[in-house]
Protein chains: 2
Amino acid sequence: MHPKKYPPSGDSLNTRERILNSAEVLFAEHGFERASLRALTAAAQVNLAAVHYHFGSKVALIRAIFERRLAPLNAERLGELDALEDAARGRPLTPAGIIEAFFGPVLRMSMNLESGGHRFIRLLGRAHAESRPVIRELLESAYVEVVERFRAALYRALPQMPEKELAWRMHFMLGAMSYVIAGTDAVQLIASYEVRKSEHPESVMKRIVPFLVAGLTAPLPDAGTAKTRRIEPQIRTRGEPRSARGAERRIERKAA
Amino acid sequence: MHPKKYPPSGDSLNTRERILNSAEVLFAEHGFERASLRALTAAAQVNLAAVHYHFGSKVALIRAIFERRLAPLNAERLGELDALEDAARGRPLTPAGIIEAFFGPVLRMSMNLESGGHRFIRLLGRAHAESRPVIRELLESAYVEVVERFRAALYRALPQMPEKELAWRMHFMLGAMSYVIAGTDAVQLIASYEVRKSEHPESVMKRIVPFLVAGLTAPLPDAGTAKTRRIEPQIRTRGEPRSARGAERRIERKAA
DNA sequence: GTATGATTCAAACGGTCGTTTGAATTGCTT
DNA sequence: AAGCAATTCAAACGACCGTTTGAATCATAC
């Protein structure tokens, strides 16, 4: 337990935020374990004990970092989804639109250098690979609402897809994205191209959205025979609610 | 420095392998940092100092784990690719075939419970999210040959795709896969479906390959105008080398 | 059976970690 | 100016970490 906090006065707020910012940097760079409170408080130029005074513990600090960033991020996601649904007037959305509403805010945040959002995004990618229960619970509670909303939207947009298959494909999409935003420079594994730092997040968006849309709308594993068969183009123009029917002909939803 | 090793006699080999096996288990479960040598040697029922006697250090132990597993894994990958190329007799391969050759061995290994391969696969997924230079160099040196071979094969199979775009899409694919094999039960983030432990790796393969193939062969970001436009089905039957041409019509390779 | 090298063992070393403590300092209110 | 809570600070605590050491034990060859 530590003293109850009143509305911060003076530069106590500065101390808190300096800790949060430095923690974001070092956690993103070295991970939650390797970044020590000593290194962190030294970078923030505050006393070691300030972390426990203002947050209570190291995991509480981690929690605070996520709360500060994830709330507006998810609000933006849901806001974009709301806007899409308002514009659609009851008709299903396009997979591409839903994907952009989900991953767009992340990629835009990763572009926002001055607010330090890009550092948090790296941190978020790192958290996805964590196995400590406390971190996983953190992510889970932060994601539960937004994932459910987007899952439902995708379910409506892809009426031909079984729930289970949809869950897996969302899983694959999240994996591709978290790998990208983790920014462990794993592209280096692929080739010697210096694609990494030089890319603008907008261009990453342009690259990954078609990839994800195509994967999401790929033919079901056991629909038809050939591995290379694909569903027909799902052309969708505004005001034509039957647009998703093209795929529905050859992919049937299976009972859960 | 520690004594030079001679062909192990008696159950010294057992000690070495017990360490390797327990290390695999605990590293996969808790990560490289959180799994201590003390916990590891206790699980293996060997003395703490045995790690340094047989391996020299903790990172050398990690290296040994990867060498033991990664060599046969990559050999299998290259073997499958060789077989495909032999059968194709100079013609380009199908993206699906290449993807299966690359990810199939991984998923099959993750199914191999008795040899403990599934634990290593989780470990491999974990290593992909590591940022420590020593781990990244490990992966890089292990991947460089096999990635170059597969990159070249994909480049031939997708003549319409710029190298840079291909590098990114391989990156996305690796991300989706590493997320899956890391097995951090992140599907739990998606939904309450109990897809996780119950799935056989073969069925995961059936699910992820179409996803990856579709993503890999998706239309290029700035080809055409609409976000939802897709390239035509890339039907490919054996012995018809022009099968990839359908896509080539609308996607043009850009100079690097 | 005794010498010799390989292996195991208990114990300790030096270091870093998250956390706690209690006093010093600051900033605001009366 | 005094009082008091909020905040900062240096120092230490106890635990755990990877690593090292040197002696004990084992297996094998002579």
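In the text below, chain A, chain B and the rest are named by the order of the sequence lines, each starting its count at 1.
One interatomic measurement links the two molecules: CG of A/Leu48 to C1' of D/dC9, which rounds to 10 Å at whole-angstrom precision. When the P atom of C/dC17 is taken as reference, atom NE2 of A/His30 falls 12 Å away, rounded to whole Å. When rounded to the nearest whole Å, the span between NZ of A/Lys58 and P of D/dC16 equals 16 Å. Look at CD on B/Glu33: it is 16 Å from C1' on C/dG18, rounded to the nearest Å. The separation between B/Arg16 atom CZ and C/dT8 atom C1' is 16 Å, rounded to whole Å. As a whole-Å value, the separation of B/Ile19 CD1 from C/dC9 P is 11 Å. One atom, OH of A/Tyr53, and another, P of C/dT25, lie 17 Å apart when rounded to the nearest Å. We find that CZ of A/Phe55 is positioned 13 Å from P of C/dT19, with the value rounded to whole Å.
If you check every strand for non-hydrogen atoms under 4.0 Å, B/Ala49 touches a base.
A side-chain donor-acceptor contact under 3.5 Å links A/Arg136 to the backbone of A/Glu130.
Contacts classified as side chain to side chain donor-acceptor pair (under 3.5 Å) and involving residues 57-71 of chain B (residues at least two apart or in different chains) are given here: B/Asn21-B/Arg68, B/Glu24-B/Arg68, B/Glu24-B/Arg69.
Within the structure, every side-chain polar atom (N or O) of B/His52 is placed at least 4.0 Å from both OP1 and OP2 of D/dT21. Contact annotation: B/Asn47 side-chain N/O to C/dA10 OP1/OP2 distance is under 4.0 Å. Remark: B/Thr15 is in phosphate contact with C/dT8, judged by side-chain N or O atoms under 4.0 Å from OP1 or OP2.
Every residue two or more places apart in sequence or in another chain that forms a side-chain hydrogen bond (donor to acceptor under 3.5 Å, both in side chains) with A/Glu33 is listed here: B/Arg34. Judged as a side-chain hydrogen bond (donor to acceptor under 3.5 Å, both in side chains), and not counting sequence neighbours, B/Asn47 has no contacts. Under the ring-ring contact (aromatic ring centres under 6.0 Å, His included) criterion, A/Phe103 pairs with no residue at all, not counting sequence neighbours. Looking at residues two or more places apart in sequence or on another chain, you find a ring-ring contact (aromatic ring centres under 6.0 Å, His included) between A/Phe172 and A/Trp168, B/Phe211.
Within residues 34-44 of chain A, the residues approached by DNA chain C to less than 4.0 Å at the level of any non-hydrogen atom are A/Ala35, A/Ser36, A/Leu37, A/Arg38, in residue-number order.
Looking only at side-chain heavy atoms (C-beta outward), A/Val59 and A/Leu138 stay at 4.5 Å or farther from each other.
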